[in-house]
Peer 1: 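My questions will all concern the structure given below.
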Amino acid sequence: MRAAILSLLFALPLLGSVTLDPIAPTDHSFVALQIREAWGSCLPGKERITRDGNAFTVFYEMPTHAPCPTGIIPWNEDVPLGALPAGMYSVTVQVTTYVGMRTLASIPFVVTEAEPALRYRPRIASSAGGTEVTFVGVCSGTAIVDGAPVPSRIENCHLIATLPAHAPGPVNVRIGATEVVNAVQYVDPAAAPDASLYERVLIPVLFNGPGAFGSRWETEVVLQGDPPGVLPDVSAPLRTDASIQTLFGNRASGLVLFLPRGHEWSFSSHVRNATQWGTELPVVREGDTRRRIRLQKVPFDPRYRLQLRIYGIDGVGATMSIVQGMTWRTVTLRGPCSATPCNSDQPAYASVDLKQLFAGSTGTQTIELRHPAHQPLRFWAFVTVTDNETQHVTVISPQ
């Protein structure tokens, strides 16, 4: 009996995440809840979903008819919530365990209009007030924000509304008879960036300085895009045509920017020796990250230096397995945080000399990086192949 009780007590969540998919839903999205947990054996069952207005609750029960064997089991489940009209919602996940009801997660979320009747930028405003929102092609009228008129002016048949101070959260905007639900999201720039509003973007290398064999390296990263609106403090100050190198200086272990979702951004990114035009370095968006990474045709040749750089964009330190053929090695990524959410602009990072890590390897090889399944973190990696004579760099990245 005592063993059975201990087994049931062990059957609790150890590490993982409960997130919304998509993270920033619109009224055209099919919304689902993603459960990615590591449990001490016996997985919850008997799913039941209730809805009270715009509040969803998902109930699970632990099995009680038999002891749970010891061990860690991944719990991966998608719970459909469906297509939802624009509005404010919440979803709570509760699990009945041997020791009582446990709330696994409680997530408020906002559904916006995919095709609003008005075109406007930006969609994020400062809670301190003063953000100007431009409504394109609106030649007259006044903007009404949550039922109250705000200062508005017309320039070249665009209405420019200056939004006043407001508590963080979404607001409706109406001009004349046209209203957009949850049109603008107020944020506190000093608060932790909301993942539903801001996307993490990794700049892998920012470095100007000397290297091996008398080389001197330069990186150039330039950002172009829509006016950014309000950025969290960790990404300020950004602007269109901004030189990231000038704004942030040397970041040899990479930089994480928090950029507003729904805006169009593009980058120019190169690394070069002083005598060359250079090689393009990818700028990595959230959708480019992986849990398992394969880097193919890595040349183990005396003519080249091979440096593997690994990044965790969530900023959480982790241990990864690196596999070449039948040989396994482990590498530790150092990060600014021990758990998510981590709101640092520094990624978790490790840099490895592959020739030292896999001494004696020859020919072209495939390098595979693997991460424990019970830690839902996001990674990216690449290998630089540097010619010892010409200092020319080739980048091998996940495809």
Peer 1: Does anything in residues 158-210 pair up under disulfide (SG to SG under 2.5 Å), and if so which pairs, sequence neighbours excluded?
Peer 2: none
Peer 1: When rounded to the nearest 0.5 angstrom, what distance separates CG in L84 from OH in Y89?
Peer 2: 4.5 Å
Peer 1: Please find the pair of heavy atoms, one from T289 and one from E286, that lie closest to each other, and give the distance.
Peer 2: OG1-O, 2.6 Å
Peer 1: Under 4.5 Å side-chain heavy-atom separation, chaining through any Ile, Leu, Val, Met, Phe, Trp or Tyr, what else clusters with M101? Say none if it is isolated.
Peer 2: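 Hydrophobic cluster check, M101: joined to F59.
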Peer 1: Provide the full list of side chain to side chain donor-acceptor pair (under 3.5 Å) pairs with a residue in residues 304-317, sequence neighbours left out, each pair given once.
Peer 2: R305-N388, R305-Q391, Q307-S351, R309-T384, D314-R378
Peer 1: With heavy-atom distances below 4.5 Å as the criterion, would you say the side chains of V181 and P170 are in contact?
Peer 2: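 No; the side chains remain at least 4.5 Å from each other.
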Peer 1: Can you sort out the partners of E155 under side chain to side chain donor-acceptor pair (under 3.5 Å), two or more places apart, ordered by chain and number?
Peer 2: R153
Peer 1: Measure across F258 and P232 and return the closest heavy-atom pair with its distance rounded to 0.1 Å.
Peer 2: CB-CG, 3.6 Å
Peer 1: Does any pair with a residue in residues 122-174 pass ring pair (Phe, Tyr, Trp, His ring centres under 6.0 Å), and if so which ones, sequence neighbours excluded?
Peer 2: Y120-F135, H166-Y186
Peer 1: Nearest heavy-atom pair of A190 and D233: which atoms, and what distance?
Peer 2: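 Closest pair (atom of A190, atom of D233, distance): CA-OD2, 3.4 Å.
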Peer 1: Mind listing the closest non-hydrogen atom pair of S269 and V283 along with its distance?
Peer 2: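 Nearest heavy atoms, S269 then V283: CB-CG2, 3.8 Å.
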Peer 1: Test: disulfide (SG to SG under 2.5 Å). Region: residues 191-224. Which pairs qualify, not counting sequence neighbours?
Peer 2: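 Residue pairs passing disulfide (SG to SG under 2.5 Å), neighbours aside: none found.
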Peer 1: V95, V91: one ILVMFWY side-chain cluster at the under-4.5 Å cut-off?
Peer 2: yes
Peer 1: Could you check if a side-chain atom of I203 sits within less than 4.5 angstrom of a side-chain atom of F267, using non-hydrogen atoms only?
Peer 2: yes
Peer 1: Just wondering, do V31 and D21 contact through their side chains at under 4.5 Å, heavy atoms?
Peer 2: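 No, side chains not in contact.
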Peer 1: Strictly below 4.0 Å, N to O, side chains only: are R121 and E132 in salt-bridge contact?
Peer 2: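 Here R121 does not pair with E132 in a salt bridge, since their nearest N and O are not under 4.0 Å apart.
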Peer 1: Please find the pair of heavy atoms, one from N343 and one from P193, that lie closest to each other, and give the distance.
Peer 2: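 Looking at all heavy atoms of both residues, the closest pair is OD1-CD, 3.5 Å.
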Peer 1: Taking atom CG as the centre, does D52 end up with more than 12 heavy-atom neighbours from other residues, nucleotides or ligands that are less than 6.0 angstrom away?
Peer 2: no
Peer 1: Is there a donor in the side chain of Q399 and an acceptor in the side chain of S397, or the other way round, less than 3.5 Å apart?
Peer 2: yes
Peer 1: Stepwise, does the side chain to side chain contact (heavy atoms under 4.5 Å, CB included) test hold for V383 with V395?
Peer 2: CA-CA 6 Å; V383 174; V395 172; over 6 Å; no
Peer 1: Can you sort out the partners of H270 under ring pair (Phe, Tyr, Trp, His ring centres under 6.0 Å), two or more places apart, ordered by chain and number?
Peer 2: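 Result, ring pair (Phe, Tyr, Trp, His ring centres under 6.0 Å) vs H270: W277.
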Peer 1: For side chain to side chain contact (heavy atoms under 4.5 Å, CB included), just list the numbers for R261 and I23, CA-CA rounded to whole Å, side-chain angles, deciding distance to a tenth of an Å, and then say yes or no.
Peer 2: CA-CA 10 Å; R261 297 183 185 275; I23 196 168; 3.6 Å; yes
Peer 1: Is there side-chain contact between I107 and V18, with at least one heavy-atom pair below 4.5 Å?
Peer 2: yes
Peer 1: May I have all residue pairs that pass disulfide (SG to SG under 2.5 Å) and include part of residues 124-182, sequence neighbours excluded?
Peer 2: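 For residues 124-182, and leaving out neighbouring residues, the disulfide (SG to SG under 2.5 Å) pairs sorted by first residue read C139-C157.
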Peer 1: Using a 4.5 Å cut-off between side-chain heavy atoms of Ile, Leu, Val, Met, Phe, Trp and Tyr, which other residues end up in the same hydrophobic cluster as I160?
Peer 2: none
Peer 1: May I have all residue pairs that pass disulfide (SG to SG under 2.5 Å) and include part of residues 310-343, sequence neighbours excluded?
Peer 2: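 Pairs touching residues 310-343 that pass the test: C337-C342.
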Peer 1: Taking all non-hydrogen atoms of both residues into account, name the closest pair between G312 and F379 and its distance.
Peer 2: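 Closest heavy-atom pair between G312 and F379: CA-CD2, 3.8 Å.
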Peer 1: May I ask you to decide whether K355 forms a salt bridge with D353, counting only side-chain N to carboxylate O separations under 4.0 Å?
Peer 2: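 Result for this pair is no, no salt bridge flagged.
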Peer 1: Measuring centre to centre across the rings, with the benzene-like ring taken for any Trp, is Y60 within less than 6.0 Å of W75?
Peer 2: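 Yes, they do, as the ring centres are separated by less than 6.0 Å.
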Peer 1: With T19, which residues qualify under side chain to side chain donor-acceptor pair (under 3.5 Å), at least two apart?
Peer 2: none
Peer 1: Check this for me: R290, atom CZ, are more than 12 non-hydrogen atoms of other residues, nucleotides or ligands nearer than 6.0 Å?
Peer 2: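 Counting other residues, nucleotides and ligands, CZ of R290 exceeds 12 neighbours.
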Peer 1: With rounding to the nearest 0.5 angstrom, report the OG to CG distance, S253 to L206.
Peer 2: 9.5 Å
Peer 1: Once salt bridge (charged side-chain N to carboxylate O under 4.0 Å, His left out) is applied, do any residues pair with E113, and if so which ones, sequence neighbours excluded?
Peer 2: none
Peer 1: Would you confirm whether the ring centroid of F382 sits within less than 6.0 angstrom of the ring centroid of W380?
Peer 2: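 Aromatic pair counts; centres sit under 6.0 Å.
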Peer 1: Can you tell me if T57 and Q94 form a side-chain donor-acceptor pair at under 3.5 Å?
Peer 2: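 No.
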